[in-house]
Amino acid sequence: MAAGGSIFNAMLQEFDGAARLLGLDPGIWKILTHPKRQITVSCPIQMDNGEIEVFTGYRVQYNITLGPAKGGIRYHPDVTLDEVTALAAWMTWKCAVAQVPFGGGKGGIICDPTRMSRRELEALTRRYVAEIVDAIGPDKDVPAPDVNTNAQVMAWIMDTYSMHVGHTSTAVVTGKPVEMGGSLGRREATGRGVMITTREAAKHLGFDIQSATVAVQGFGNVGSVSADLLSQIGATIVAVTDWKGGVYNAKGLDIPKMLDYMKQHTTIDGFPGGESIENAALFALDVDVLVPAALENQITAENVGEIKAKVIAEGANGPTTPDAHKTLHDRGVFVIPDILANAGGVTTSYFEWVQNRHGYFWEEDEVNRRLEVKMCDAFKDVLQTSIKYKTDLRTAAYVVAISRVATVTKLRGMYA
Ligand code: NAD
């Protein structure tokens, strides 16, 4: 999915900036810039036409110092080991920023799920899990949904793992259907975290979120819920795009109607409540808040000059390249970095894992109340660190994360 350049190198660039500021011990620096484990598997599947196809899958456990690896599984034709490793590293920093006791992991399969039947997807998921079954588990590595995977895929993962270990194990995966141990509020949690951090940013910067305008790239899990919840607290969503097209309405889009339209058409392209718009025009809109919630490398040196938003809330992982980020910071744009803005998903995944291990489930209000506290605490920690070190929020988030992981690495000591 990398549109140019190594995503892992982009992560390292961000890491190095924060590590220098922190005066990080050189030995710990080396440890934290190497993935602990990278697994590559071949998954042969019989396709509906009778032919055998072999798909390549990855699972990377970047760091497990704070707890079991945690991170989503992505199905996409452009998945690479470089991308999965970067995403696993970001999960490590994200869990540390959010203060959830997990390390960072990520998985991916090179495939085009839009061209596969439900049976083929189930077969591929089960074979992939069988290939990595020894590496995952509630105390080892706990996958979750990411791009093009959903609660149904998590259900197949849970079932396949449970068949292998010989008992039902709900805590092996999060983002499951609520009927089989999923947490209430998990589906909305990433978007809810984007809404909370954007609201806190508006408070800090002194503008009223109720009169703010917002543009959102992506209308999947993260983008659609961010748009919906931001509109529920009074913001005006003026533009949304997805893989096929987009819609603009200066007076505001009716998000609940768009969600209904999406259910019928699987895209927002052609939604009748506004005029059509493409990504390039969406990024150039004169809005208060821009939410990139689709893919990596969307805000780059090429289009950063067009951006007029005051706040960028990174719903997606890695949507801004390091050079574009520097330009935005120099111009005073308040970028809420991915490892903070989209940490609501992993935080509620942690709540799901806790509920599974207790065998006792919380009401949705309880989940949302705890998420609110954790996201506000994380926002405050990162903001205060950015003020202390006179740096941008991304570097500050890395400083918070690296110092937490480094402290535990030192306490645990070197096993050799
Ligand atoms: P998703 O598959 O549900 O949605 C992705 C959206 O992006 C879809 O609306 C798709 O149409 C759109 N899109 C794809 N290509 C596009 C393009 N070129 N232009 C505009 N839109 C495009 O995925 P998701 O779970 O919402 O994840 C989105 C991003 O958020 C990813 O970077 C993911 O890693 C990150 N993220 C997801 C979660 C989560 O809980 N789902 C948590 C943290 C971070």
Side-chain angles (χ1 to χ4, degrees), residues 1-3 7 70-79 83-84 86-88 90-91 93-95 97-98 104 106-108 112-114 143-154 174-176 182-183 185-194 197 215-228 239-247 258-259 261-263 265-269 271 277-283 290-300 303 313-320 336-350 352 371 375:
M1 226 178 264
I7 304 179
K70 185 85 196 80
I73 294 176
R74 173 176 291 201
Y75 289 178
H76 198 279
D78 300 340
V79 162
E83 175 190 62
V84 176
L87 289 162
W90 279 322
M91 285 305 299
W93 317 134
K94 195 180 300 182
C95 291
V97 166
K106 203 81 180 188
D112 185 352
T114 61
D146 192 67
V147 175
N148 292 327
T149 57
N150 55 21
Q152 177 61 70
V153 176
M154 299 307 115
T174 60
K176 298 177 292 292
S183 176
R186 169 62 186 92
R187 193 188 64 79
E188 300 83 4
T190 309
R192 183 171 292 278
V194 171
T197 50
V216 183
Q217 184 202 29
F219 204 66
N221 177 284
V222 182
S224 68
V225 177
S226 303
D228 193 26
V240 175
T241 51
D242 71 9
W243 66 275
K244 195 152 181 227
V247 194
M258 270 182 114
L259 288 165
Y261 182 89
M262 178 77 193
K263 273 187 210 141
H265 299 84
T266 67
T267 171
I268 48 153
D269 192 39
F271 175 70
I277 189 169
E278 289 186 356
N279 278 330
L282 175 132
F283 282 127
L290 174 62
V291 181
L295 311 167
E296 297 99 27
N297 288 349
Q298 297 300 298
I299 302 174
T300 65
N303 65 3
E314 294 183 335
N317 287 309
T320 313
I336 313 169
D338 46 10
I339 59 173
L340 170 63
N342 70 36
V346 77
T347 302
T348 305
S349 275
Y350 165 56
E352 181 174 329
L371 178 63
M375 291 305 296

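One-based numbering, in listed order, for ligands and for the atoms of each. One-based numbering along the sequence shown.
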Asker: For K106, what residues pass the salt bridge (charged side-chain N to carboxylate O under 4.0 Å, His left out) criterion, not counting sequence neighbours?
Answerer: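 Salt bridge (charged side-chain N to carboxylate O under 4.0 Å, His left out) list for K106, sorted by chain: D146.
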Asker: Using side-chain hydrogen bond (donor to acceptor under 3.5 Å, both in side chains) as the criterion, point out the one residue from N317, T347, D338 that pairs with K94.
Answerer: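 Per the side-chain hydrogen bond (donor to acceptor under 3.5 Å, both in side chains) rule, the option paired with K94 is N317, out of N317, T347, D338.
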Asker: Any Lys/Arg nitrogen of E352 or K70 sitting under 4.0 Å from an Asp/Glu carboxylate oxygen of the other?
Answerer: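 A salt bridge is absent here (no side-chain N lies under 4.0 Å from a carboxylate O).
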Asker: Keeping the roles fixed (side chain from Y261, backbone from D269), state whether a donor-acceptor pair exists under 3.5 Å.
Answerer: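 Yes: the side chain of Y261 pairs with the backbone of D269.
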Asker: Give every pair formed by an N or O atom of ligand 1 and a protein N or O atom closer than 3.5 Å, one pair per line with both atom names and the distance to 0.1 Å, or write none.
Answerer:
from     : atom 1 : to   : atom 2 : distance (Å)
ligand 1 : 2 (O)  : N148 : N      : 3.4
ligand 1 : 3 (O)  : N221 : N      : 2.9
ligand 1 : 9 (O)  : F219 : N      : 2.9
ligand 1 : 9 (O)  : G220 : N      : 3.0
ligand 1 : 11 (O) : W243 : N      : 3.0
ligand 1 : 19 (N) : N279 : ND2    : 2.8
ligand 1 : 21 (N) : W243 : N      : 3.4
ligand 1 : 26 (O) : N221 : N      : 3.2
ligand 1 : 26 (O) : V222 : N      : 2.9
ligand 1 : 30 (O) : G315 : O      : 3.4
ligand 1 : 32 (O) : A294 : O      : 3.4
ligand 1 : 32 (O) : N317 : N      : 3.1
ligand 1 : 34 (O) : R74  : NH2    : 2.9
ligand 1 : 34 (O) : D146 : OD1    : 2.8
ligand 1 : 34 (O) : N317 : ND2    : 2.8
ligand 1 : 40 (O) : R186 : NH2    : 3.4
ligand 1 : 40 (O) : T190 : OG1    : 2.7

Asker: Give, for atom OG of S226 and atom CZ of F219, the distance between the pair rounded to the nearest 0.5 Å.
Answerer: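 It is 10.0 Å, given to the nearest 0.5 Å.
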Asker: Can you check whether P77's main-chain N or O pairs, donor with acceptor, with D112's side chain at less than 3.5 Å?
Answerer: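 Looks like no, no N/O pair under 3.5 Å.
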